Student: 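Please read through the structure below; I'll follow up with questions.
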Amino acid sequence: MSVVSRRQLAKGAAWSVPVVAVAVAAPAASASPASFDLAVAGGCLPTGDMFGSVFAYFELTATSSVPVPAGRNFVLQQTIPGRASNLTVGSIMTDLNGGTDGIANVSVSADASQATFVTTRDITAAGSMRIYVYKILGTQGESTALAMAGDDANTANNAAAVVRTFEDPDAVCYLS
């Protein structure tokens, strides 16, 4: 009968235990989020009606090589000297035919002076989207302003205002 020493027993036991390889994933490189830049510019278009009403419009442009992702929140503010504002959900659109492709959740304050909405599609790199505000009445000094509520790479260009004036007979509005 052969005698097995404790040392031999421990060696044998060690080799009989299955080896389990544990793989630990290396942490992914922490990339900073893409830095998009959205510029807001404004302008106006005559509606052609007998009252001299105009559309104020705002051009939302991705000015960097990075698309502006959907989900950007915007605040639209209207001021009419000496009168109540007249914003409605139906007065805010993305094309002159009344369409709202690209925006959603449009809501207007109780006094009709402020509206908010969110974009529902990306604005491609160097691409743009227009937001129209219908029926700016012909009151001198009336203004409509649009600003993105949030930050991007350059917050200095996130807002624009369109102001109605009769000071220049050849222009129905100017940008401030």
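Because the structure is predicted, anything quoted here is derived from the model rather than measured.
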Student: Shortest non-hydrogen contact from Pro69 to Phe36?
Tutor: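 Pro69 and Phe36 have their closest heavy atoms at CD-CD2, 3.5 Å.
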Student: Apply side-chain contact (heavy atoms from CB on, under 4.5 Å) to Ala62 and list each qualifying residue two or more places apart in sequence or on a separate chain.
Tutor: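 Listed in chain order: Val68, Ile123.
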Student: Val40 and Val66: same hydrophobic cluster, using ILVMFWY side-chain contacts below 4.5 Å?
Tutor: yes
Student: Ala149: what forms a side-chain contact (heavy atoms from CB on, under 4.5 Å) with it, not counting sequence neighbours?
Tutor: Asn73, Val75
Student: Which pairs count as ring-ring contact (aromatic ring centres under 6.0 Å, His included) when at least one residue sits in residues 80-107, sequence neighbours excluded?
Tutor: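 Non-adjacent pairs meeting ring-ring contact (aromatic ring centres under 6.0 Å, His included): zero.
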Student: Test of understanding: with side chain to side chain donor-acceptor pair (under 3.5 Å), list the residues that count as partners of Ser85, not counting sequence neighbours.
Tutor: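 With sequence neighbours excluded, Ser85 shows a side chain to side chain donor-acceptor pair (under 3.5 Å) to no residue whatsoever.
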Student: What distance do Ile131 atom CD1 and Leu76 atom CG have between them, rounded to the nearest 0.5 Å?
Tutor: 9.0 Å
Student: So how far is it from Tyr132 OH to Thr94 OG1, rounded to the nearest 0.5 Å?
Tutor: 9.0 Å
Student: For Ser65 versus Ala125, what's the shortest heavy-atom pair and its separation?
Tutor: O-CB, 3.4 Å
Student: Name all pairs fulfilling the ring-ring contact (aromatic ring centres under 6.0 Å, His included) condition that reach into residues 71-105, sequence neighbours left out, sorted by first residue then second.
Tutor: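 The answer is Phe74-Phe117.
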Student: Just by modelled atom types, is the Thr124 backbone N or O under 3.5 Å from a matching donor or acceptor in the Asp122 side chain?
Tutor: no
Student: Could you give all pairs that pass the salt bridge (charged side-chain N to carboxylate O under 4.0 Å, His left out) test and reach residues 56-70, with sequence neighbours left out?
Tutor: Glu59-Arg130
Student: Per the ring-ring contact (aromatic ring centres under 6.0 Å, His included) rule, what does the pair list look like for residues 90-110, sequence neighbours excluded?
Tutor: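 Qualifying pairs, neighbours excluded: none.
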Student: What is the distance from atom OG1 of Thr144 to atom CD1 of Ile92, rounded to the nearest 0.5 Å?
Tutor: 9.5 Å
Student: Which residues pass the side-chain contact (heavy atoms from CB on, under 4.5 Å) test with Ser109, not counting sequence neighbours?
Tutor: Asp111, Ser113, Gln114
Student: I'd like a table of donor-acceptor pairs (distance under 3.5 Å, sequence neighbours excluded) in which one partner is a side-chain atom from residues 99-107, with atom names and distances.
Tutor:
{"unit_1": "Ser107", "atom_1": "OG", "unit_2": "Thr116", "atom_2": "OG1", "d": "2.9"}

Student: Nearest 0.5 Å, please: how far is CG in Leu60 from CG in Leu38?
Tutor: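 Leu38 atom CG to Leu60 atom CG measures 5.5 Å (nearest 0.5 Å).
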Student: Name all residues meeting the side-chain contact (heavy atoms from CB on, under 4.5 Å) criterion together with Asn158; count only those two or more places apart in sequence or in a different chain, and write none if there are none.
Tutor: Met148, Asp152, Thr155
Student: Partners of Phe58 by ring-ring contact (aromatic ring centres under 6.0 Å, His included), sequence neighbours excluded?
Tutor: none
